[in-house]
There are 2 protein chains.
Amino acid sequence: MKIGYVQTSPIFGEITQNFDQIESLVGNSKADFIVLPELFATGYTFISKEEAASMAENTEGKTSEFLMRIAKRTGAVVVGGFIEKDGNHIFNSSMIVSDSEVLGTYRKLHLYYKENKWFSPGNKPLEIYKVKDTRVGIMICFDWFFPETIRSLTLLGAEIIAHPANLVLPYCQKAMITRCLINRVFAITSNRIGNEARGEDNFTFTGGSQITSFNGEVLSTAPKDKPYIDFVEIEITQARDKNLNKYNNVISDRRIEFYSLE
Amino acid sequence: MKIGYVQTSPIFGEITQNFDQIESLVGNSKADFIVLPELFATGYTFISKEEAASMAENTEGKTSEFLMRIAKRTGAVVVGGFIEKDGNHIFNSSMIVSDSEVLGTYRKLHLYYKENKWFSPGNKPLEIYKVKDTRVGIMICFDWFFPETIRSLTLLGAEIIAHPANLVLPYCQKAMITRCLINRVFAITSNRIGNEARGEDNFTFTGGSQITSFNGEVLSTAPKDKPYIDFVEIEITQARDKNLNKYNNVISDRRIEFYSLE
């Protein structure tokens, strides 16, 4: 199975240009599964809810059309971030899309920094999507900080974690090594690069998109400061075997009755 | 508050020599809290339950006396590993000891590799101990692999994680950076060094004992291959503030109702 990411440098508010950048990076690549960054079409650093809402869409809009186009072109199922509108609420969401349909959306559960000034926190259960012969779970950026997210997705059956991101802190990539190792899942962290100085905020996004293996090995690392695309071949059955060695199983060894997680 | 660890090179079965090694490393050091490795008195690589049981103790034995002596000498509360006997069961445990009493024992919840051939898995709840003005939780070695352990201890009120270890895999030290950062707790991983070739097993213990700060900073690192002792001054109130920034709290931001952790 061939999985990959596109690391982009979105220009704030320039949706068409941001789509074009991705199409040109993708070129004639073929793959099974591709992850794009969080909010890849719009940019990240909003200054008001009104501004963010003005770029919100549902699953029948510019972004879903674009993602289907990429899916058709590459043969892959594609995940990417967008601003999701639902009544008066907008969410920091990701869409999972095949060449012919939107398979679902995930609404970011753990909002970072000022995001909660414009976005509503995710209000839908974590879900698992069938992609070819594998099962995929989605989390967005800061969701990584809470180990409960990947653990829950793993327990729900995810073998690959799609992780669109707009990372500004330096911790995530190393943390994903631990997260993947202890859950024995693959993860694709698709980050952006570039700088956005808007309102009181000045964010530099840290790139370094990463594909992490079920055993904690880093299979691909993108540069910190350049648009980049990469793919790796993985053997998905490796994420189905939860035995760490002859005596330990990373899931069944859990001692649930002794945990205090409320 | 001054906290520290002693990284030792135990000789299998040579309890008196192993005590002496620690006393000589400790010298006239003074501290508030000290962590010794897992099974520091006995060594690790048993070949039968009978062998391990022959070195088992309760909380009124050689090891508790030794730990109280170290507590008296240093002024510290001391945590260290031992084989705990309870009826027909033996546990891979740690004892927490002041200069005058055993405050409690913790029985390792997640047994590694062949340990479950001789040890019974921990059968007591996670507990928090008052040490001077702070609260301490204990986990042993492979317990780190399960994020539920530190998370539970944090939610129960731990500000410092005492982590006696006999690590043979290379992942723990980096993982502790993530674990401490996301829980905003301090941790003292007290590892051993040396090699034990016994029966079919041949373990090289990886040293690199580490004190990790609430913000993921590494405050002390021991060499990989030498006995070592170190102390650092910490400001424990830093572990009480669970705010990551003005908008995020690492505990209250959890979305428990959306997790699937069973």
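Residue numbers start from 1 in every chain, and the chains themselves are labelled A, B, ... in the order their sequence lines are given, proteins ahead of strands.
Contact count versus chain B (heavy atoms, under 4.5 Å) is highest, among A:Leu181, A:Leu126, A:Ile256, for A:Leu181.
With a 4.5 angstrom heavy-atom cutoff, A:Leu261 touches chain B via backbone and side-chain atoms both. Within the 4.5 angstrom heavy-atom criterion, atoms from both the backbone and the side chain of B:Leu109 approach chain A. Neither the backbone nor the side chain of B:Ile177 comes within contact range of chain A, judged by heavy atoms closer than 4.5 Å. Interface remark: B:Leu156 contributes side-chain atoms only to the contact with chain A (heavy atom separation under 4.5 Å). Only the side chain of A:Leu155 comes within less than 4.5 Å of a heavy atom of chain B; its backbone N, CA, C and O stay farther away.
Scored by the ring-ring contact (aromatic ring centres under 6.0 Å, His included) test, A:Phe214 finds A:Phe186 as partners (sequence neighbours excluded). Residues that satisfy the ring-ring contact (aromatic ring centres under 6.0 Å, His included) test with B:Phe12, not counting sequence neighbours, are B:Phe46.
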Between these two chains, chain B and chain A, I want each donor-acceptor atom pair under 3.5 angstrom written on its own line with its distance.
unit_1   : atom_1 : unit_2   : atom_2 : d
B:Leu109 : O      : A:Arg255 : NH1    : 2.8
B:His110 : NE2    : A:Tyr259 : OH     : 2.6
B:Leu111 : O      : A:Asn248 : ND2    : 2.9
B:Tyr113 : N      : A:Asn248 : OD1    : 2.7
B:Gly122 : O      : A:Arg255 : NH1    : 3.1
B:Gly122 : O      : A:Arg255 : NH2    : 2.9
B:Glu148 : OE1    : A:Arg151 : NH2    : 3.0
B:Glu148 : OE2    : A:Arg151 : NE     : 2.7
B:Glu148 : OE2    : A:Arg151 : NH2    : 3.4
B:Glu148 : OE2    : A:Arg254 : NE     : 2.9
B:Glu148 : OE2    : A:Arg254 : NH2    : 3.1
B:Arg151 : NE     : A:Glu148 : OE2    : 2.7
B:Arg151 : NH2    : A:Glu148 : OE1    : 3.0
B:Arg151 : NH2    : A:Glu148 : OE2    : 3.4
B:Ser152 : OG     : A:Ser260 : N      : 2.9
B:Asn248 : OD1    : A:Tyr113 : N      : 2.7
B:Asn248 : ND2    : A:Leu111 : O      : 2.9
B:Arg254 : NE     : A:Glu148 : OE2    : 2.9
B:Arg254 : NH1    : A:Leu261 : O      : 3.4
B:Arg254 : NH2    : A:Glu148 : OE2    : 3.0
B:Arg254 : NH2    : A:Leu261 : O      : 2.7
B:Arg255 : NH1    : A:Leu109 : O      : 2.9
B:Arg255 : NH1    : A:Gly122 : O      : 3.2
B:Arg255 : NH2    : A:Gly122 : O      : 3.0
B:Tyr259 : OH     : A:His110 : NE2    : 2.6
B:Ser260 : N      : A:Ser152 : OG     : 2.9
B:Leu261 : O      : A:Arg254 : NH1    : 3.4
B:Leu261 : O      : A:Arg254 : NH2    : 2.7

